[in-house]
There are 2 protein chains.
Amino acid sequence: MELRQLRYFLKAKELLNFTEAAHSLYISQSTLSQQIKHLEDELGVPLFDRIGKRIVLTEAGRLFADYAMQSVHQADNGLQILQDLNNMDTGEIRIGLTYGLKPIFTPALIRFMTKYPKMKLQVVLGTSQELLERLTNFEFDFLLSFLISEKEKHFNYQLLFQSPMALVMAKKSPLSAKKKITMEEISELPLALPAKGYSTREFITEVFRERGLSPEISLEINDIPTLLDVVKTGNWYSILSQFSISKKDEVASVPIQGVNTQRRAMIISLKGSYEKKSVKAFYEFIKAASENLS
Amino acid sequence: MELRQLRYFLKAKELLNFTEAAHSLYISQSTLSQQIKHLEDELGVPLFDRIGKRIVLTEAGRLFADYAMQSVHQADNGLQILQDLNNMDTGEIRIGLTYGLKPIFTPALIRFMTKYPKMKLQVVLGTSQELLERLTNFEFDFLLSFLISEKEKHFNYQLLFQSPMALVMAKKSPLSAKKKITMEEISELPLALPAKGYSTREFITEVFRERGLSPEISLEINDIPTLLDVVKTGNWYSILSQFSISKKDEVASVPIQGVNTQRRAMIISLKGSYEKKSVKAFYEFIKAASENLS
DNA sequence: ATTTTAAATCGGTTTTATCGATCGATATAA
DNA sequence: TTATATCGATCGATAAAACCGATTTAAAAT
């Protein structure tokens, strides 16, 4: 068993297609096919079921995948820590970012890249749910998100700041003059909310559920700028964290009354994973940006 | 980077001698030398310092070793879990055993091997301290020992039974008629105790320390049967757990008064390591043996 | 029925790991 | 101080393996 074979297996498992996997690994399909076979021979059990020209993971494949992933990951970590030992000016940082935290991220990014121009960053925007999933698969060094549901024990959390939820509406809306608004009032309004998977949406659903309210959710949109465009028409209202609404969005916002509407912005990383110096440095840039904005 | 290279590296790190390491890996010295070099080239930093004809781990080597070990271990675990999936009648169990728990282990071993004759067992007797150290290096599936100091969070503990400490003496000793004895009385006697590293010794030291007693320890022996031979002369007394003294040892024992002299016999294993079916089965045999004896 | 698609297989090529022999350096013994 | 043994590095040759392209086989799709 070799790491090369484990890497091949994991890619094949990911794509469930030998031809594509081979292509993405820059090897031929025949090579991949052979190496998987060798691995299976050594393990004494098939990792894939060949159903016609389709492949699916076997029970054994599912079980084995976790160990293969860990093994490869530990080796990568070892490499990383040594490269880190030499200099922190090179290397790559992979970051998961939720829309809501873009305002904090962008200035941090710019300052960081100015200071360390040789670093390579890879930023993926997405919903908290999908980013957490990918973090678990070692696809990110960390991600920026509002806290979704409960903390999980295999993640590390660093609190950046808290921000209350606010009702968002067109500037011309009569409600924009109010100082505060309750969830009860909101539940009577036509709402356009972020789609499922967004931490904000999960949070809103939970708050409504706690209070036994069943609001009218007429629109679900998986893109925040579009959501704001909809709100600007004046026909719908939305709920976002106060923080993520900037002036140039040209909408009005009214804070929501209630202790439990505080959203906690977090840096989330994977416990047990080696944390590069460069990543730690980035944390400081993000924390500095958070303090400036609050 | 390949697992093969990591295995080579770990063996070289263990023996700190390329020639011996190569021999123990059934490869030539030149091959090992080359493969270590390739690995170092890829990592961009030497893992060993070559001081004359001696090699020592570099800082980088020390850091990298943990990751290499984890990587190899995870791959091995993956293989193990799949072999386990097929049948639990084959494979090897590696067990660390302290002298004090031999009486419980031996009958469990015999029954287990009778039921699963194809299994291969490897049993290492030693002190708790050295066995715990080796458990951390993945050298055992589990070990049997009385609990030493505090529980550590990277170990799993399963309590087997509790046994009080007892003063051990020759049958002819006048003290053998007593029903109980205090630590204060003991501290006046000439003592022969297990050497450092034995859980029992660590425990005794701690109990004396707590009570501010400074006993006369005239003999330290790292072999329990020898210790008992010494005790049989009548010139010395020893302290062992009540349980580990059997009738055929031909010594008398008197329970020690005091709540805190209870020793806890434990199965200790490494958290996060995959636990083979066969190992779980063995646990049951050990637990059954504990219940019978108590 | 025909075409397309995807994995397995085959033969040949390239790369890599491995070995034995040797070299150079160093520690040890005479 | 000199001779000897020991250890890691290096070199050239060989064996093993990974790899590729072409082809085959079988199952979907048309």
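Worth knowing before you read on, the calculation uses all heavy atoms, side chains too, and leaves out hydrogens, waters and symmetry mates. Each chain gets a letter, A, B and so on, in the order its sequence line appears, and its residues count up from 1.
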Which is true for [X] with a 4.0 Å heavy-atom rule: it touches a base, it touches only sugar-phosphate, or it touches nothing?
X	value
A:Q29	base
A:R54	nothing
B:F48	nothing
A:T19	sugar-phosphate

If you pin A:I51 and A:S28 to their nearest nucleotides in DNA chain D, which one's is more 5'?
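The 5'-side residue here is A:S28.
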B:K37 or A:L32: which one's nearest nucleotide on DNA chain D is closer to the 5' end?
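Its nucleotide being nearer the 5' end, the pick is B:K37.
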For the pair made of [atom1] in [X] and [atom2] in [N], what is the distance, rounded to whole Å?
X	N	atom1	atom2	answer
A:E42	D:dA17	CD	C1'	14 Å
A:I55	D:dA26	CD1	P	19 Å
A:H23	D:dC20	NE2	C1'	14 Å
A:Q35	D:dC20	CD	P	10 Å

Protein-nucleic acid N or O pairs under 3.5 Å, nucleotides 3-6 of chain D:
{"unit_1": "D:dT6", "atom_1": "O4'", "unit_2": "B:K53", "atom_2": "NZ", "d": "3.4"}
{"unit_1": "D:dT6", "atom_1": "O2", "unit_2": "B:K53", "atom_2": "NZ", "d": "3.0"}

Taking 5' to 3' order, which nucleotide of DNA chain C is first and which is last to have an atom within less than 4.0 Å of a heavy atom in chain B?
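Nucleotide range in contact with chain B: C:dA17 to C:dA27.
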Residues A:D76 and A:Y274: side-chain donor-acceptor under 3.5 angstrom:
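Side-chain D/A pair, A:D76 to A:Y274: absent.
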On DNA chain C, compare the nucleotides closest to B:S30 and A:E20; which residue's is nearer the 5' end?
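First, find each residue's nearest nucleotide; the 5'-ward one identifies A:E20.
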Should the pair B:K280-B:D141 be classified as a salt bridge under the 4.0 Å nitrogen-to-oxygen rule?
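Looking at B:K280 and B:D141, the cut-off is not met.
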Do B:E139 and B:R134 meet the salt-bridge criterion of a basic N to acidic O distance under 4.0 Å?
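Salt bridge between B:R134 and B:E139, a charged N being under 4.0 Å from a carboxylate O: yes.
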Is there a side-chain contact between [X] and [Y] in this structure, where contact means two heavy atoms from C-beta onward sitting under 4.5 Å apart?
X	Y	result
B:Q129	B:E202	yes
A:I217	A:W236	no
B:L97	B:V124	no

Is the distance from OP1 or OP2 of D:dC19 to the nearest side-chain N or O of A:T31 less than 4.0 Å?
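Checking A:T31 against D:dC19: no side-chain N or O falls below 4.0 Å of OP1 or OP2.
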Ring pair (Phe, Tyr, Trp, His ring centres under 6.0 Å), paired with A:F112, selected from A:Y283, A:F282, A:F105:
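Looking at A:Y283, A:F282, A:F105, the match for A:F112 under the ring pair (Phe, Tyr, Trp, His ring centres under 6.0 Å) is A:F282.
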Please work out whether the ring planes of A:F18 and A:F48 are parallel, tilted or perpendicular, with thresholds of 30° and 60°.
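Because their plane-to-plane angle is over 60°, the rings of A:F18 and A:F48 count as perpendicular.
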Using residues 193-200 of chain B as the side-chain source, report each donor-acceptor pair under 3.5 Å to any protein atom, sequence neighbours left out, with the distance given to one decimal.
{"unit_1": "B:Y198", "atom_1": "OH", "unit_2": "B:N222", "atom_2": "O", "d": "2.5"}
{"unit_1": "B:S199", "atom_1": "OG", "unit_2": "B:S128", "atom_2": "OG", "d": "3.4"}
{"unit_1": "B:S199", "atom_1": "OG", "unit_2": "B:R263", "atom_2": "NH2", "d": "3.1"}

